[in-house]
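For ligands, and for the atoms within them, numbers begin at 1 and follow the listed sequence.
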Amino acid sequence: MSAAQKLLQWVGVPLVCVVVIVVVRTATFPSYQTRPPPCNATDEDFIPATEDRLNRLSRAITFRTISYEPGRGTPEELLKFIAFIRDSFPVVHSSPLVTREVVGNYSLLYRVEGSDRSLKPGLLAAHLDVVPVTEEPGWEAEPFSGQRKDGFMYGRGTIDCKHNVMGQMEALEFHLKRGHRPRRTLYLAYGHDEEVLGLYGAKQIAKLLADRGVKLEFLLDEGFSVTKEYVPGVAKKVALLSVTEKGYLTVKLSVRMKGGHGSMPEKESAIGVLSQAVTNLHRNPQPNLWGSGPEREFAEHLATEMSLPHRVMISNLWLFTPIIRWFLAQKAGTNALCRTTTAVTRFNAGIKDNVIAPEAVAIVNHRVHPRQTIQEVVDHDVKVINDPRVKVEVVAALVPAPISPSGPESPAFMTIQESIQQVYPDSLVAPYVLLGNTDTQHYWNLTSAIYRFSPNVMGPEDFARFHGVNERISIEDYGRVMNFYFHLMRNVDKPLVVRRHEHDGDL
Ligand SMILES: *[C@@H]1O[C@H](CO)[C@@H](O)[C@H](O)[C@H]1NC(C)=O
Ligand SMILES: *[C@@H]1O[C@H](CO)[C@@H](O)[C@H](O)[C@H]1NC(C)=O
Ligand SMILES: *[C@@H]1O[C@H](CO)[C@@H](O)[C@H](O)[C@H]1NC(C)=O
Ligand SMILES: [Zn+2]
């Protein structure tokens, strides 16, 4: 036998095995998508986007409920906005089933009493505040006008997230007006300072609920949207239903060394040492953890809907994970899903042209992957900086959110997924990791089933509208927002049961 033949004998059998496994897994990988009866404009319980309803959203946008920093917002505007909400939904606000509380002066907590005590309550959250408008010149309509133009409504808060507040209120109004008596108790919670950490709004609401011993079946807050042209290899729209949020960690690096006159420098300086530390951080990123967290479930939810090459890889993560990790790490947007990111956001040193700075300080902003702890991230920094002269201090930290269950074994996830697919029948749903933070950080103790999703569509050109110029929602989407919450209210109004799990991932 030639060497080549020998090699083939050794390599050939395992290779054939691998190919067979890959083919079989690709062909048999289960679908996680559901096909519930679609919501249809001809349904008798469809909520049409009438002039009245659109005008109410427009009015909501006109309140300049801006948050500037914790404890500094726009009290008068908030008071006007909550009065407007009270006056706009007469059925909600006069129903004997509904109690309304104002928490921390400006936040709202509604409770809709269900008739069945055995069903744990659900909670829908959103927030009343918005971020400031900084680049006014680029706007196609005045940012607090709620003006309609070419099928869109423009303004701060149209997608973050007065559409959710108003959509939920419209759905509840519609629901109660039809004489519906809910079985499951439902809370609606609207904080007034989410954009600046929610310390005076959501945090106080959460405390109130915890003090009352409330335990929830599920909680749904704002989040990422139904995306189009976002997931590589998937042609359909994908609704991203977030099951966790990255944490954050701010680290201060400082170096103190002998200063002195610029004419007689020592070999090393504080600036030099700190620069080396920063270089080391950039050269040695935090570990790539793609596939160890919910990104895995995300990919698997979409596997059967992907183009063939993607499908082969995602159906066989046992084999392809290293390649996928490498590939995703190449671009900033996907790299952020793979690992704890590291951004050096400040670098301060020096006071005078001819004086050697005795101190240099840098601030590092990390967004922490859900499978890493704060301590692990700090340890990695210290290890790669590898210089005891660099002092490493934690300035601020929020651990990643607990990962909520997803997939067929999670009844709450499935019920939200089906409600999404009723109003977006042409879209897929997948669990996701939210890169930013929401008010949900205050609600962790109330339930382990916390989800984040906003029921509007976003394409690549829309991402910059978020907190940016020309924030807008299409009129069609707003119709779906109202109907999504309405369907969800109906779908959760019964015991949520575990479906059979058909996924067999053991091959
Ligand atoms: C909505 O329902 C009507 C009447 O039942 C049907 O003709 C139409 O195809 C449906 N549309 C969708 C999008 O399902
Ligand atoms: C609420 O308003 C009252 C009266 O204006 C004020 O005394 C109080 O400090 C406010 N409370 C909060 C939490 O802002
Ligand atoms: C959850 O409860 C624990 C124990 O009571 C408490 O220390 C923690 O701060 C709570 N977390 C939140 C987010 O409220
Ligand atoms: Zn928001």
Side-chain angles (χ1 to χ4, degrees), residues 35-46 48 60-61 65-67 73 81 103 107 123-133 155-168 189-216 219-225 240 242 244-245 247-248 374 397-402 404 421-427 434-448 450-456 458 462-463 465-468 471 473 476 479-481 483 487:
R35 306 243 178 296
C39 166
N40 188 324
T42 60
D43 295 346
E44 56 132 351
D45 60 358
F46 181 83
I61 302 302
T65 53
I66 301 167
S67 282
F81 186 29
V103 180
S107 288
L123 187 149
L124 302 180
H127 59 88
L128 305 171
D129 61 325
V130 296
V131 295
V133 172
R156 196 43 104 226
T158 46
I159 54 172
D160 182 19
C161 60
K162 288 178 175 172
H163 66 324
N164 292 351
V165 173
M166 297 302 283
Q168 289 167 17
Y190 305 138
H192 69 271
D193 61 346
E194 187 276 343
E195 299 291 359
V196 288
L197 299 177
L199 303 177
Y200 301 96
K203 188 169 182 182
Q204 306 310 320
I205 295 174
K207 210 159 161 194
L208 202 68
L209 293 172
D211 288 347
R212 291 175 188 166
V214 172
K215 289 283 172 201
L216 301 171
L219 185 154
L220 178 67
D221 199 351
E222 62 165 337
F224 211 178
S225 314
L240 303 174
S242 295
T244 183
E245 293 173 14
Y248 67 74
I374 299 291
L398 173 69
V399 302
S404 300
Q421 291 185 316
Q422 283 187 283
V423 293
Y424 289 102
D426 56 346
S427 100
L434 200 65
L435 300 182
N437 296 109
T438 66
D439 269 343
T440 56
Q441 61 180 288
H442 302 297
Y443 293 113
W444 292 351
N445 286 344
L446 301 177
T447 173
S448 58
I450 297 183
Y451 303 99
R452 305 132 186 103
F453 172 68
S454 290
N456 54 290
M458 301 257 268
D462 296 321
F463 298 145
R465 298 180 194 277
F466 206 82
H467 290 194
E471 181 176 348
I473 188 169
E476 199 181 337
R480 295 181 198 251
V481 170
N483 284 288
H487 279 281

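No donor-acceptor pair under 3.5 Å is formed between the side chain of Q422 and the backbone N or O of H487. Under a 3.5 Å cut-off, the side chain of N483 and the backbone N or O of G479 do form a donor-acceptor pair. E194 places no side-chain N or O within 3.5 Å of a backbone atom of A126 that could act as its donor or acceptor partner.
Looking only at side-chain heavy atoms (C-beta outward), H127 and D160 come within less than 4.5 Å of each other. For the pair I450/S242, no side-chain contact is recorded, criterion being any heavy-atom separation below 4.5 Å from C-beta on.
Shown here are the side-chain hydrogen bond (donor to acceptor under 3.5 Å, both in side chains) partners of Y443, two or more places apart in sequence or in another chain: there are none.
Tested against F224, the residues F463, Y451, F466 include a single ring-ring contact (aromatic ring centres under 6.0 Å, His included) partner, F463.
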Identify every side-chain donor-acceptor pair in residues 199-206 under 3.5 Å, counting partners at least two apart or on other chains, and give the distances.
unit_1 : atom_1 : unit_2 : atom_2 : d
Q204   : NE2    : L199   : O      : 2.8

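Scanning both residues, F453 and L220, for their nearest heavy atoms gives N-CD1, 3.9 Å.
In summary, the side chains of N456 and S454 do not present any donor paired with an acceptor at a separation below 3.5 Å, with no hydrogens or angles considered.
Of all protein N/O/S atoms, those under 2.8 Å from the Zn ion (ligand 4) are H127 NE2, D160 OD1, E222 OE1, E222 OE2, and waters are not counted.
Each of the following atoms of ligand 1 lies closer than 4.0 Å to a heavy atom of T42: 1 (C), 2 (O), 3 (C), 4 (C).
Within 4.0 Å of ligand 3, protein heavy atoms come from Q441, N445.
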